[in-house]
Amino acid sequence: MAILEVDQLTKKYGTFKAVDGVSFSVDDGEVFGLLGPNGAGKTTTINMLTGLAWPTSGKVLYFSKDYTYRIKGAQYLMGVVPDESNLYPELSGFENLSFCAALYGLGKRERETRANKLIETFGLIEAKNQKFAEYSRGMKRKLTIAAGIIHKPPMLFLDEPTTGIDVASARQIRQLLAHMNKSGTTIFLTTHYIEEAERLCHRVAFIVAGNIVKIDTVKSLIQPVQEKNVMLFTISNADKAIKERLISAFPHLTLQFLSDEQIRVESAEQVRVGPLVHFMEDQGGEVVEARRIYPSLEEIFVRVTGIEVNAMKREKERLGSSK
Amino acid sequence: MKWWIAFWAILIKDMRAYYLKPPNISWGLIFPFAWTGMFFIKSGDSLADVLSLLPGVAAISILFGTTSMLAVTVTFEKKSHSFERLLLAPIPLELLMLAKTTGAILFGVANAFVPIILAAFFADLSGVSWSVAIPAIVLIAVTSTFLGLFIAVSVSEVFEAQTFSNFFRFPMIFLCGLFFPINQLPFFLRPLSYVLPLTYGADILHGAFNEGNNMSLLSDFTLLLIFCTALFFISLRNIRKRWIM
């Protein structure tokens with residue numbers, strides 16, 4: 001059963017279309033990922049689904065009921081974790097959670113019980129009475145997620161949940177999200193970490209320039225590349241003409257020259273490394289590395305969107321650190 | 001959904017986070033005290049003048065207290081994104097903004113009583129009509145708060161809110177009949193006085209403190225209520241238009 005249905009949702013700022021007629025649905029109990037580079041329309045989409053932005057056109061349905069222009073009525077169904085932690089710096093972790101629970105009408109005893117439980121679950125007991133302003137980035141993120149689920153919403157929206165935090169905290173957050181999903185919470189996630197989406201999501205949509213260019217289950221998306229063998233060669237001192245020579249010498253292979261030093265080799269058969277290395281070295285190149293690339297969602301993302309994933313990560317992290 | 005729990009939580013949070021902080025308490029005390037001292041020194045007359053100055057000092061204390069606080073509780077929270085947390089809560093925007101402004105209203109009322117309590121030591125306040133003065137003080141606090149809200153949602157930065165507030169506040173000191181009777185103003189300025197809500201609040205207070213009102217109390221109260229309602233709903237419209245984009 002679909003918990004959320006989005007039909008032709010569009011957001012215009014003047015003549016600029018930030019989101020251009022996106023349609024998708026999120027099933028009860030699934031983790032749905034919206035992946036795309038900066039400015040693709042991920043946050044604008046979340047804002048329209050949660051009541052922080054008015055759609056220009058289109059429809060938003062929760063549990064088959066139209067809430068497009070009255071999202072207020074559906075806000076009790078959702079928890080929202082924005083890309084920037086937005087709790088109150090002058091309140092302690094416990095006070096912040098208790099306050100957020102009160103916004104959903106929970107009584108004092110219930111608020112305190114839930115806040116204590118979440119503080120324990122998220123490993124923040126020692127920082128319980130510490131001011132939010134004094135929390136580390138990872139702790140802030142955890143508390144913000146806790147604040148998003150304190151009223152036990154059936155659906156949780158997470159905008160870039162692990163951006164700009166340390167590896168250990170990010171790992172812990174991913175584990176918590178997986179656990180929450182197992183306990184029945186439907187999760188809508190935006191991220192630019194493709195491997196995070198691959199690990200957490202059941203289905204993903206790729207969004208580029210406000211348009212959804214691909215939407216499917218992670219399994220179905222990876223299937224075509226799983227049947228292929230891919231190797232990545234890193235060479236130095238290569239002659240410029242090596243590209244043409246390689247293409248004519250190995251016509252049965254699909255060669256992609258990622259840079260002057262990197263060559264991606266793809267084949268339906270097992271790629272034989274020896275002849276390739278010998279050929280490259282005979283041509284005066286020095287093979288620094290040859291490694292097998294395992295099929296991943298990242299492969300598909302790059303193929304479908306034409307966007308280089310590392311550049312996308314660097315850009316996001318640069319923006320994240322300047323916040 | 002128990003909305004009163006959310007309303008109360010927002011009010012208490014704002015009180016603790018902003019209004020009951022030492023700098024704001026001292027502002028709430030020092031500011032009215034300074035106004036009181038300044039006007040008494042300027043008048044240089046006997047203590048009998050206290051009653052004629054008190055309505056103006058009380059009104060101006062409310063105006064400055066409330067409008068200053070809204071720039072912090074609303075504009076600052078919008079800037080730091082914590083206001084979005086409130087917008088995401090399933091409570092009507094009207095109730096949310098009433099909760100956000102109630103703290104400022106109470107702060108304004110408390111500010112008004114600083115000069116009144118001070119005056120009680122120097123003047124006989126037994127002739128004051130408290131049944132008129134207290135509702136007037138509350139209504140002035142509500143109107144000033146909603147004026148502050150209107151300003152706070154019209155700008156993006158805290159400093160802009162403070163600057164924009166002064167654009168309204170300082171002319172009001174001179175144009176609303178707080179200390180200078182409106183009928184003694186140059187004739188071309190008088191129409192301006194009547195489009196400022198504080199004119200009506202000050203008139204009620206002059207009536208309550210020394211029967212010096214120029215208009216009927218009913219029309220003063222009615223006009224103040226109209227200003228309150230208009231400012232509140234214009235502010236809500238601006239929030240929906242500017243902040244829920």
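These numbers come from a predicted model, not from an experiment. Worth knowing before you read on, the calculation uses all heavy atoms, side chains too, and leaves out hydrogens, waters and symmetry mates. Chain naming here is simple, since letters A, B, ... match the order of the sequence lines and numbering starts at 1 in each.
Both the backbone and the side chain of A:A147 come within less than 4.5 Å of a heavy atom of chain B. With a threshold of 4.5 angstrom between heavy atoms, B:I10 approaches chain A through its backbone and through its side chain. Interface remark: B:F76 contributes no atoms to any contact with chain A (heavy atom separation under 4.5 Å).
Considering only heavy-atom pairs separated by less than 4.5 Å from chain A, the leading option among B:R16, B:E84, B:H81, B:K13 is B:K13.
Inter-residue side-chain proximity for B:P90 and A:K72 is flagged as unmet; no heavy-atom pair is nearer than 4.5 Å. Looking at A:Q75 and B:L87, their side chains never come closer than 4.5 Å, going by heavy atoms from C-beta outward. The shortest distance between side-chain heavy atoms of B:I5 and A:L106 does not fall below 4.5 Å.
Under a 3.5 Å cut-off, the side chain of A:W54 and the backbone N or O of B:K241 do not form any donor-acceptor pair. A donor-acceptor distance shorter than 3.5 angstrom exists from the side chain of A:Y88 to the backbone of B:S82, with no hydrogens or angles considered.
Interatomic distance, CG of A:N86 versus CD of B:E77, reported as 10.5 Å (0.5 Å rounding). Here CZ of B:F7 is found 13.0 Å from CG of A:L103. Values are rounded to the nearest 0.5 Å.
In this structure, B:W130 places its CH2 atom where more than 12 heavy-atom neighbours from other residues, nucleotides or ligands lie under 6.0 Å away. A 6.0 Å sphere centred on CD of B:E94 holds more than 12 heavy atoms belonging to other residues, nucleotides or ligands. Within 6.0 Å of OH on A:Y69 lie more than 12 heavy atoms contributed by other residues, nucleotides or ligands.
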Is there a salt bridge (charged side-chain N to carboxylate O under 4.0 Å, His left out) between B:K21 and A:E90? Walk through the geometry before answering.
CA-CA 11 Å; B:K21 283 277 158 77; A:E90 64 282 356; over 6 Å; no

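Across all their heavy atoms, A:Y104 and B:L88 have their closest contact at OH-O, 3.7 Å.
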